[in-house]
**Q** 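My questions will all concern the structure given below.
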2 protein chains.
Amino acid sequence: MEKSVQPTINDVARLAGVSKKTVSRVINRSPLLNDDTRRRVEEVIADMGYVPNPQARALALRRNFLIGLIHDNPNAQMVLRVQQGLLEVLRDTEFELIVHPVDRGAPEMHDDIRLFLERQRPYGVMLLPPISENDELALLCASIGCRYVRMGSAAFDGPDHMVASNDREAVRGALAQLIGMGHRRIGLIAGPHGFRSAHERRSGYEEAMAAAGIDVSRNWIAQGDYTFESGMRAGERLLDLSPLPTAIFASNDEMAAGALHAARQRGLDVPADLSILGFDDTSIASHLWPPLTTIRWPIAPMARAAALKLIGSADKDDDGALFVSTLIRRASVAAPGG
Amino acid sequence: MEKSVQPTINDVARLAGVSKKTVSRVINRSPLLNDDTRRRVEEVIADMGYVPNPQARALALRRNFLIGLIHDNPNAQMVLRVQQGLLEVLRDTEFELIVHPVDRGAPEMHDDIRLFLERQRPYGVMLLPPISENDELALLCASIGCRYVRMGSAAFDGPDHMVASNDREAVRGALAQLIGMGHRRIGLIAGPHGFRSAHERRSGYEEAMAAAGIDVSRNWIAQGDYTFESGMRAGERLLDLSPLPTAIFASNDEMAAGALHAARQRGLDVPADLSILGFDDTSIASHLWPPLTTIRWPIAPMARAAALKLIGSADKDDDGALFVSTLIRRASVAAPGG
DNA sequence: TTGTAGGCGTTATCAT
DNA sequence: ATGATAACGCCTACAA
C-alpha cells in the first residue's frame, strides 16, 4: 500500500521551500512565476504524486470541476452517444461528467434543476433535446451563472450556447432524392407535438414535397410519438390508404422500425412494395431487415464541440462549423414499383 | 431573480440564535439535540431555503456525495439501464451520479481509476461487467477506502459488494425448454474469452445439453465477441454445417441479430427452419423480425439494489434476494421442422 | 516574482 | 444539550 494520506499543497510547499501560494500559482499556470521556481515545484509535485483536491478548489472557487448532462432521456442511444462524445473531450482533463436526468412534464422539474445547479455548482451543463428547447432552463442557467450549451435540431440560441444540426435541410435533401427516384405518394410519420426536431423534420418533408409540386394530402401525414408502437400504428394508418403510398418517411428510426413491422404484417415487401426512410441512424437501423436507409446526424462531434465550449477551449473559429447530417443508404429504399 | 447568494450555515445559526454546530447537528440528524431547538432551527432552514453546500461537506468529511459508475461500455443498453436504476434510488437523495468509463485493456486503466477515486473521493462506486470481474479493481477500491459494488453474472464477491444474476441457470432452463420442444442439434454462439458472462452462459448451454444426453459436437460451438458482425459470421459458420442445426443460442442479442441476419441471407425461415434464442432482452430483441425470444436479466432491480448498498440503506434482509432472469418468449423460437 | 492573512462552508474536538 | 475553536485544502487580496 501507499502512504495512507495524500499530500496536500502544504506538503509540496514545505518540500519545495516555497509558500502555498506559489504552489497554487504553479497549479493554475499563473504567468508571473520564475521559471526556476516553477520547475522546482513541478518536480516536487511529480515526486510526491501530489494531486490538487477538487473539493477544496470547488469550495474556494465556488465552482466545481464537473460537467453536468441534463436530459429527459428521449432515446437511450442518443444519450449514450452524447456521453461518449463529452467524455472523449473530458478524458485527460480534470473534469468529470455528472449525469442528471429529469422528468419533463413534472411540475418540479425546474426546481429540481435549480437545486442541482445551486448545490453541485457544475462548471457547465449540457442540455439535450427536448428539454434543451426550453428557454426558461437556459435563463435559469444564465441567472445562476452556470455555463450551458444546448443541443438541438436548429440554432435557437447564440453560438456559445448552441450546437445544432440542421434537420430540416437534411430531410429536404433526402426526400428530394426519393422524389427523384420516382416516388410521389410519400407518407410522413411525424414526431410528437412540441418537439422542435419533429417540427423541423416535418417542415423538411413539406418543403421537399412543395418544391416538387406534390400536393400533400392531409391523410398522408400520421402522427407518432417517437416510439416503436406509435410508428407501427401510424404505419398501419398509412397502409390503409388507397392507393398505397410508395414510400414512408418516419421522423425517427424507432417509428420507422414500427412502420416496417406494420408493412411486413400486411405481407408487403420492403423495399419492392414500399420504401421506408428513417432518421437518427441509431443502432436499430442497421440491424433491421432490410437494413434501414436513414439520416445520421453527427451526435458525437456535436457533443465534443459542446464539451469544448463548456470547458472554454473551443476554437473561436469553429463557431461557424456546421454539423451536417448525411443520408445513410441501406436496403429499405428503392425506386417505386420495385 | 432571487437573492444572489445562498444562505450559509452561519446565516441560519444567526437567525435561529444558535451556534453553527447546532445547525450542523440538525442537518446531520444528531440524536443529542433538544427537540425544541431542532424544531426552531428546522423552521429557519425552511424559511431561508437553506441547502448545505456539498463541496464544503466534502472537504470537511473527506468524502464526496457522489456515486461513481465505472464501466467499459460493453453495451449501451445495459449501461443506460444501470444508470436509470441507480438514479431512481439516488433521486431525492443528496447523491449524484458521476460516470467514469474506462478503457479495458489500456495499461493505464488501473492508474486512471485510482486517480479518479483519489481525486473525486466518491462515496461509493459501482463496477459494471466486464471490468467488475477484475479483482484488482475491487482491492484498489478497498485499499482507498471507497465503498464498491460489483455487478456480475455470478457471485464472485461478498454480498455487500455484489449484485449478481445467475446466467448459467437461466440458460440451462431456457435450453431445457428448447430441448423439450424437440431440438437436439442446437448451435451455440459463445461470447468472448475472458468474460465471465460468456463463460457462465456457455456453461449453462453445456450443462443443459449434457443433462439431456446430447453430445455437443465441437463445431456446434462458434466463437463471437458480442457484436452483431461476429454473430453474423458465427451464424454463417453454424449454417455451413450439415445437417443444419435446428436452433441456435446466441450468448447475447446483438449476436442473435447477426445470426438472424445470416439465416435470412440464406433464405432460411425463422423460426420454421431455424429457432434463434438470444440473451439480455435489449431493445433490439423486440424490434427484430421475427421478434427475438431471449433471456432477460433484471438489470434495473440489480442497479437499484446496488445503489442501496452503496448509500448504506439496504435492508440487511435482501442480501439473500435473488435476481432471477426470465425467458421472454417471442416468435423466433418454434418446434423443429415447424 | 513571492509571501501573508483571511475566507470559502462545513464538521470534529473538546469544553461547558 | 450546546458552543468556541480549530481543522479541511485551496484561492483571492493585498503587501512586500
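Protein chains get the first letters and strands the later ones, always in sequence-line order, with residue 1 at the start of each.
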**Q** Provide, to the nearest angstrom, the distance between the CG atom belonging to B:N64 and the C1' atom belonging to D:dC8.
**A**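 Those two atoms, CG and C1', are 13 Å apart.
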
**Q** D:dC8 phosphate, OP1 or OP2: any side-chain N/O from A:T8 under 4.0 angstrom?
**A**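 Checking D:dC8 against A:T8, no side-chain N or O comes under 4.0 Å of OP1 or OP2.
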
**Q** Send over the distance from B:R39 CZ to D:dA1 P, rounded to a whole Å.
**A**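 In whole Å, D:dA1 P lies 15 Å from B:R39 CZ.
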
**Q** In whole angstrom, give the distance that lies between atom CG of A:L59 and atom P of D:dT12.
**A**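 Distance check: A:L59 CG to D:dT12 P gives 12 Å.
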
**Q** Using side-chain heavy atoms (C-beta onward) and a distance below 4.5 Å, is B:F116 in contact with B:I98?
**A**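 Contact flag for B:F116/B:I98 side chains = yes.
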
**Q** Given the structure, check if the side chain of A:R25 and the base of C:dG3 hold any donor-acceptor pair shorter than 3.5 Å.
**A**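 Yes, a donor-acceptor pair under 3.5 Å.
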
**Q** Starting from the 5' end of DNA chain D, give me the residue, B:V18 or A:N10, whose nearest nucleotide shows up first.
**A**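 The residue whose closest nucleotide sits nearer the 5' end is B:V18.
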
**Q** Taking the side chain of A:N34 as heavy atoms from C-beta outward, which of C:dT1, D:dG3, C:dG3 is closest to it?
**A**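 Minimum distance to the A:N34 side chain belongs to C:dT1.
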
**Q** Given side chains that start at C-beta, do those of B:V41 and B:L33 come closer than 4.5 Å, heavy atoms only?
**A**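 No, every pair of side-chain atoms sits at 4.5 Å or beyond.
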
**Q** How far does CZ of B:R25 sit from NZ of B:K20, to the nearest 0.5 angstrom?
**A**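 So the CZ of B:R25 and the NZ of B:K20 are separated by 13.0 Å.
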
**Q** Mind calculating the distance between CZ (A:R29) and P (D:dC11) to the nearest angstrom?
**A**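 Those two atoms, CZ and P, are 12 Å apart.
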
**Q** Under 4.0 Å, heavy atom to any atom of DNA chain D: which of residues 51-58 of chain A qualify?
**A**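 Hits under 4.0 Å, by residue number: A:P52, A:N53, A:A56, A:R57.
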
**Q** Measure from NZ or CZ of B:R57 to the centre of the six-membered ring of B:F65 and say whether it is under 6.0 Å with the direction within 45° of the ring axis.
**A**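 Positive - B:R57 is close enough to the ring of B:F65 and near enough to its axis.
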
**Q** Can you measure A:M48 atom CE to D:dG9 atom P for me and round it to whole angstrom units?
**A**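 So the two atoms are 12 Å apart, to the nearest Å.
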
**Q** Write down the distance between CD (A:Q120) and C1' (C:dG9), rounded to a whole number of angstrom.
**A**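 The answer, rounded to whole Å, is 15 Å.
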
**Q** Tell me whether the OP1 or OP2 atom of D:dC11 has a side-chain N or O from A:S24 closer than 4.0 Å.
**A**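 A:S24 to D:dC11 OP1/OP2: side-chain N or O found under 4.0 Å.
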
**Q** Looking only at the side chain of A:L61 (C-beta and beyond, no hydrogens), which of the listed nucleotides C:dT2, D:dC11, D:dG9 gets closest?
**A**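 Closest nucleotide to the A:L61 side chain: D:dC11.
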
**Q** In whole Å, I'd like the distance from the NZ atom of B:K21 to the P atom of C:dT10.
**A**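 It is 12 Å, rounded to the nearest whole Å.
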
**Q** Do A:S197 and A:Y226 get their side chains close enough for a donor-acceptor pair, meaning under 3.5 Å?
**A**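 Yes.
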
**Q** Classify B:I9 by what it touches in the nucleic acid, base, sugar-phosphate, or nothing, heavy-atom distance under 4.0 Å.
**A**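 Base: the residue B:I9, judged by heavy atoms under 4.0 Å, touches a nucleobase.
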
**Q** Would one find a side-chain N or O of B:T37 under 4.0 angstrom from OP1 or OP2 of D:dT2?
**A**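 For B:T37, the contact criterion (side-chain N or O under 4.0 Å from OP1 or OP2 of D:dT2) is met.
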
**Q** Within the 4.5 Å heavy-atom criterion, are A:R147 and A:I311 side-chain neighbours or not?
**A**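 Answer no - side chains too far apart.
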
**Q** So for B:K20 and C:dT10, does any side-chain atom that can act as donor or acceptor lie under 3.5 Å from a complementary atom in the base?
**A**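 Result: at least one qualifying N/O pair found.
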
**Q** How close or far is atom P of C:dG9 from atom CZ of B:R63, stated in whole angstroms?
**A**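 Computing the B:R63:CZ to C:dG9:P distance gives 24 Å.
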
**Q** Check whether the side chains of B:R39 and B:N34 place a donor and an acceptor atom closer than 3.5 Å, and report yes or no.
**A**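 Judged by distance alone, the side chains do not pair up.
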
